[in-house]
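Since the structure is predicted, the reported quantities are computational estimates derived from the model, not experimental observations.
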Amino acid sequence: MPELPEVETVRLGLEELIVSKTIKSVDSNWPKSFPNDPLEVRKFVVGSQITGINRRAKILIINLSSGYSLVIHLKMTGQLVYRSESTSFGAGHPNDSLIGLLPDKSTRVIIEFSDNSTLFFNDQRRFGWIKLIKTTNIKQFTSIYGPEPLEDSFTWQELGNRLNLRPKSGIKAVLLDQQIIAGIGNIYADESLWAAKIHPLTPVSELSTQKIKLLRNSIVDVLNLSIKMGGSSTRNYVNAEGKRGSYIKIAKVFRRENEPCPRCGHIISKIRVAGRGTHYCPYCQSQNIAKMSK
DNA sequence: CACTTGACCTGTCCGC
DNA sequence: TGCGGACAGGTCAAGT
């Protein structure tokens, strides 16, 4: 799934649903999904209470009263879905629920609480993981990530400084680099570049100050709007209640190749950039325009 | 240093 | 209907 808006949506849901609950048991059926020693898990997870839910970059952090935290990366297809005993509705539920009875085929980890409600970690492709880390070590663990784009300190000057760490690279590849800026992935890189009228292959060093200011605002607006829409569900992503997000319905270019650009009407292209499918309008995001406005 | 490719996995879709 | 290949929200490591 999950870029910043999706992880943040899950975080907001979990904050409502599981804070202050006590963990009764933890089960995993795929070691890579939760590689910690089971003895360690029994000692620092079972019996402890959930004290808070945080996010850094695309990572979720569930703080425990034991002084440890569950650090979770959902990668491409991870889901964290909460079910109380009374909400075991099935697929096709009118309220946009995506998944049916749990556990299902993709369930890798099951966390059961003392009130018999349950948190399921599902992950079709098994790329995601949960790691048990001492809470005092989390800051160091996440120190590799660049700044959070939704913090007040993410000014256009800050964006410019970060981008200049890779001046020769194309802008889209740099936006996807989590060490430069945290939380932007393939969907919101394309959407932000469209909003700022920047071609995805434009070398960072060719971006004018005006373009950097515009890009900073575009990133912030696109991420905030997506959080408001509950994130993007192209296929697997659901929030903590198993419901899809709806940003994809209002996406301007992402997965809209061969459709008209909503701004100028020219046909949206799809190319390959940094190994990822990349959508843009060849007219209003042309590299020539980027150079002319410099 | 920048860029590409393959790996990690499962599932779906598209063309033949 | 079946089969092979491409592709999918994300990182990693290794090779050019």
Worksheet entry | Distance in angstrom units between Glu6(A) CD and dG10(C) P, rounded | 9 Å

Discussion item. With a cut-off of less than 4.0 Å, is there a side-chain N or O of Lys270(A) near OP1 or OP2 of dA6(C)?
Written reply: no

Worksheet item: If we take the P atom in both dC3(C) and dC9(B), what is their distance in whole Å?
Response: 25 Å

Item to complete: Check every strand shown and say whether Tyr247(A) touches a base, only sugar-phosphate, or nothing at a heavy-atom separation below 4.0 Å.
Response: nothing

Item to complete: Would you mind reading off the distance between Ile72(A) atom CD1 and dG9(C) atom C1', rounded to a whole angstrom?
Response: 17 Å

Discussion item. What verdict does the side chain to side chain donor-acceptor pair (under 3.5 Å) test give for Ser117(A) and Tyr82(A), after you've listed the backbone C-alpha separation in whole Å, the side-chain angles of each residue and the deciding distance to 0.1 Å?
Written reply: CA-CA 8 Å; Ser117(A) 61; Tyr82(A) 174 83; 3.0 Å; yes

Response to the item:
Its contact letters, B for base, S for sugar-phosphate only and - for none at protein heavy atoms under 4.0 Å, make nucleotides 11-16 of chain C read S-----

Item to complete: Write down the distance between CG (Leu60(A)) and P (dG10(C)), rounded to a whole number of angstrom.
Response: 15 Å

Practice prompt. Would you indicate what Ser106(A) reaches in the nucleic acid, counting non-hydrogen atoms under 4.0 angstrom: base, sugar-phosphate, or nothing?
Written response: nothing

Discussion item. How about CD on Gln157(A), more than 12 heavy atoms from neighbouring residues, nucleotides or ligands closer than 6.0 Å, or not?
Written reply: yes

Item to complete: Answer yes or no: is there a donor N or O on one side and an acceptor on the other, between the side chain of Gln79(A) and the main chain of Asn236(A), under 3.5 Å?
Response: yes

Discussion item. Could you tell me how far dC14(B) sits from dG9(C) if I compare only their P atoms? Round to whole Å.
Written reply: 16 Å

Practice prompt. May I ask you to verify whether the side chain of Thr234(A) and the base of dG9(C) hold a donor-acceptor pair under 3.5 Å?
Written response: yes

Response to the item:
Here the distance between atom P of dG9(C) and atom CE of Met229(A), to the nearest Å, is 19 Å

Worksheet item: Looking at Ile219(A), Leu4(A), Asp177(A), which hits side-chain contact (heavy atoms from CB on, under 4.5 Å) with Ile184(A)?
Response: Ile219(A)

Discussion item. Ignoring hydrogens and geometry beyond distance, is a side-chain donor-acceptor pair present between Thr9(A) and Asn239(A) at under 3.5 Å?
Written reply: no

Worksheet item: Looking only at heavy atoms, what is the nearest atom pair of Ala240(A) and Leu14(A), with distance?
Response: CB-CD2, 3.8 Å

Worksheet item: Are Tyr247(A) and Tyr237(A) near enough that their ring centres are under 6.0 Å apart?
Response: no

Taking N or O atoms only and anything under 3.5 Å, show me the protein contacts with nucleotides 1-6 of chain B, one pair per line.
from	atom 1	to	atom 2	distance (Å)
dC3(B)	OP2	Ser169(A)	OG	3.1

Worksheet, complete the sentence: Expected string for nucleotides 7-13 of chain B under the B/S/- scheme (protein heavy atoms, under 4.0 Å, primed atoms plus P, OP1, OP2 as sugar-phosphate) is -BBBSS-

Discussion item. Using whole Å, what does the distance between atom C1' of nucleotide dA8(C) and atom CG of Asn236(A) come to?
Written reply: 9 Å

